[in-house]
Enquirer: 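This structure is in structure tokens; I'll ask about it shortly.
Nothing here was measured: the structure is a model prediction, and the numbers come from that model. Values below: every heavy atom of this structure, side chains too, minus hydrogens, waters and symmetry copies. All chains are named by letter (A, B, ...) in the order of the sequence lines, taking the proteins before the strands, and each is independently numbered beginning at 1.
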Amino acid sequence: MSSDIQTAEKALSFAELGLSQKVLSAVTDAGYTQPTPIQAGAIPYVLAGKDVLGIAQTGTGKTASFVLPMLTRLEKGRARARMPRTLILEPTRELAAQVEENFNKYGKNHKLNIALLIGGVSFDEQDRKLERGADVLIATPGRMLDHRERGKLLLNGVDILVIDEADRMLDMGFIPDIERICEMIPFTRQTLFFSATMPPEITKLTEKFLQAPVRVEVARAATTAETVTQRLVKSGTKPWDKRAALRDLIQEEDESLKNAIIFCNRKVDVSELFRSLTKHDFNAGALHGDMDQRARMTMLSNFRDGKLKLLVASDVAARGLDIPDVSHVFNYDVPIHAEDYVHRIGRTGRAGRSGKAFTLVTRADAKHLDAIEQLTGQAIEWKSGDLSTLAVTDSEDEAPRRGRGNAKRGGRRRSDNERHARRGTKSTEAAEPVAARPDDAENERRGRKDAIRSHNDERKATRGESKARGAKRPARNTDDDHEIVLGFGDDVPAFMRIPAKV
DNA sequence: AAAAAAC
């Protein structure tokens, strides 16, 4: 490859990058004409067999920058049993699934075998695909190593190795695994390495495992400030304060709110907030890493398809997930690490669209908020009044509106009553207003399907919607009686079992 | 103050 890479800055078309006809026609069918900078910069080198160090954020078209040329290169040759020809490592299961979708989309004119090796699902199908011979293996490190240790996977036929989201792999402690994996693959391979940032550990890794790499660096996609309107929203500290503040906010934003991701710092809070929103008749789903894999996939695909308007999520959803057209991001919690703030609000305002990001802030959050403003280099505006305008009571002694007569104390912890309350039990103990089902976590541990409340019309019809809509009535524990939880049993429709099409 | 990933 010669120097014409410089022209990447100008408007190159996909056809000029050297991709095969099969790939080009799939790209055209997908509606793309113009490569992004990372694509224009990396594709010619990938086609030429060079090692590439790509420094790019998600949302820059990074995935296609390796998927498209890999497809072209895979047209020659075929896979042998248990010896995949290419390997792509991803930090999370959802990202791995998303890359698989890209191979399906752009590889529709190819007859390639693609295997997705991720945790949380059965080995059998994955084994069958390996046995058949995979042209493309997409994996999270743990499951891939597991297959290998069982002797079901040979890595000495891998010609192209892709390490994606390397800095996130670092955050997640995957680097030792990555090093092991790199050492299992012949050094004659081509290595494509992607990272949004280059901390020293990552630089060291590239020095060790890349050979004379071409460095392709692209500016961050539109900076957050340009397409995302950010606001801070004051809130009391207590969970019920925060939930109420969030509900108010969602309702105020109703007009422009098409769909939203609501981020919590902790998984238990994801479950809790999800239950609460559902109880208040919001069309919501949940996503976090302790949910079973099928529920994760279902939630994500329903959110993408618009069947879910709100997705309550942990930071598993903060980076990389490609969900076009998210209108709002709500930070139910201020993220502990400032960089996560940038990733979270980056879920909206994508592809040149505008987006809104609201962050609930309590008195306790000052420190983390400072760090965020420092990182982004800008003060974020308050929506209406900062914390100094917050009522002093902070609902400390208000046993939340719907409490029982003898409710008292602020800062009541979840009582043992609640903790041991069983589903469907009519307790005379009024539950804390919108408290999560205390047994949520336990259900998940037991492998019960994470349930979502049905919002489809037939269900609504059966549950006396008008009653439920009478917003302001105090919540009683009899709420449980109206609550219809739709669990996904074994009769999940087939289309829900597969990852969403983008 | 957390999350993620293998069983």
Enquirer: Quick one: does A:Q126's side chain have a donor or acceptor within less than 3.5 Å of a partner on A:I118's backbone?
Expert: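 Answer holds: yes.
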Enquirer: Answer yes if the side chains of A:R189 and A:T191 hold a donor-acceptor pair under 3.5 Å, and no otherwise.
Expert: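 On atom types as modelled, these side chains qualify, holding a pair under 3.5 Å.
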Enquirer: How many Å lie between NE2 on A:H147 and C1' on B:dA5, as a whole number?
Expert: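 Nearest whole value for this atom pair: 14 Å.
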Enquirer: Mind checking A:D365 for me? I need base, sugar-phosphate or nothing, with any heavy atom below 4.0 Å counting as a touch.
Expert: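 Base: the residue A:D365, judged by heavy atoms under 4.0 Å, touches a nucleobase.
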Enquirer: Give the rounded distance in Å between these two atoms: NZ of A:K367 and P of B:dA2.
Expert: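 Interatomic distance, NZ of A:K367 to P of B:dA2: 13 Å.
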Enquirer: Contact class for A:A364 vs. all strands (heavy atom < 4.0 Å): base, sugar-phosphate, or nothing?
Expert: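 The residue A:A364 makes base contact.
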Enquirer: Output the single nucleotide from B:dA5, B:dA6, B:dA2 whose closest atom is nearest the side chain of A:N265.
Expert: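 Output: B:dA2.
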Enquirer: At their closest point, which heavy atom of A:L87 faces which heavy atom of A:I185, and how far apart are they?
Expert: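 Minimum heavy-atom contact is CD2-CD1, 3.8 Å.
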Enquirer: OP1 or OP2 of B:dA5 less than 4.0 angstrom from a side-chain nitrogen or oxygen of A:T92, does that happen here?
Expert: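 Result: no.
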Enquirer: Just the rounded figure in Å: distance from P of B:dA6 to CG of A:D177.
Expert: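 Whole-Å distance recorded here is 9 Å.
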Enquirer: Across the strands shown, which category fits A:G173 at heavy-atom distances under 4.0 angstrom: base, sugar-phosphate, nothing?
Expert: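 Result for A:G173 = nothing.
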Enquirer: To the side chain of A:R93, which of B:dA1, B:dA4, B:dA6 is closest?
Expert: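 Looking only at side-chain atoms, A:R93 lies closest to B:dA6.
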Enquirer: Measure from CG on A:D292 to P on B:dA6 and round the result to the nearest Å.
Expert: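 About 14 Å, once rounded to whole Å.
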Enquirer: In whole angstrom, give the distance that lies between atom CG of A:L170 and atom C1' of B:dA5.
Expert: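 My rounded result for the distance is 14 Å.
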Enquirer: Nearest to the A:R296 side chain among B:dA6, B:dA4, B:dA2, which nucleotide is it?
Expert: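 Looking only at side-chain atoms, A:R296 lies closest to B:dA4.
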Enquirer: Please give, in whole Å, the distance from B:dA3 P to A:K267 NZ?
Expert: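 Computing the A:K267:NZ to B:dA3:P distance gives 5 Å.
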Enquirer: Taking any heavy-atom pair under 4.0 Å as a contact, classify A:P335: base, sugar-phosphate, or nothing.
Expert: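 Nothing, no heavy atom under 4.0 Å.
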Enquirer: In whole angstrom, give the distance that lies between atom CG of A:D290 and atom P of B:dA6.
Expert: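 Nearest whole value for this atom pair: 13 Å.
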Enquirer: Only pairs under 3.5 Å count here: list side-chain donor-acceptor contacts from residues 148-162 of chain A, not counting sequence neighbours, and write none if there are none.
Expert:
{"residue": "A:E149", "atom": "OE2", "partner": "A:R180", "partner atom": "NH2", "Å": "3.1"}
{"residue": "A:R150", "atom": "NE", "partner": "A:D146", "partner atom": "OD1", "Å": "3.3"}

Enquirer: Out of B:dA6, B:dA5, B:dA3, which has the shortest distance to the side chain of A:S314?
Expert: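 Of B:dA6, B:dA5, B:dA3, B:dA3 is nearest to the side chain of A:S314.
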Enquirer: Starting the side chain at C-beta, find the nucleotide from B:dA5, B:dA2, B:dA6 nearest to A:E94.
Expert: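 Within the option list, the nearest is B:dA5.
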Enquirer: In terms of side-chain heavy atoms of A:T140, which of B:dA4, B:dA1, B:dA6 is nearest?
Expert: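 Among the listed nucleotides, the one closest to the side chain of A:T140 is B:dA6.
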Enquirer: Among the candidates B:dA3, B:dA6, B:dA4, find the nucleotide nearest to the side-chain atoms of A:D146.
Expert: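 My answer, after comparing the listed nucleotides, is B:dA6.
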Enquirer: Please evaluate the base of B:dA2 for a donor-acceptor partner in the side chain of A:H337 within a cut-off of under 3.5 Å?
Expert: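 Such a pair is found, so the answer is yes.
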Enquirer: Taking ring-ring contact (aromatic ring centres under 6.0 Å, His included) as the test, write out the residues that go with A:Y332, two or more places apart.
Expert: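 Expected list: none.
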Enquirer: Take A:D171 and A:R319, measure what salt bridge (Lys or Arg N to Asp or Glu O under 4.0 Å) needs, and give me the verdict at the end.
Expert: CA-CA 12 Å; A:D171 290 345; A:R319 301 199 206 186; 3.2 Å; yes
Enquirer: Within this structure, what is the CG-to-P distance between A:L89 and B:dA5, rounded to whole angstrom?
Expert: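 In whole Å, B:dA5 P and A:L89 CG are 14 Å from each other.
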Enquirer: B:dA6, B:dA2, B:dA1: which one has an atom nearest the side-chain heavy atoms of A:D340?
Expert: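 Taking heavy atoms from C-beta onward, the closest nucleotide is B:dA2.
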Enquirer: Return yes if the base of B:dA1 and the side-chain atoms of A:H368 contain a donor-acceptor N/O pair under 3.5 Å, otherwise no.
Expert: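 Yes, the side chain and the base share a sub-3.5 Å donor-acceptor pair.
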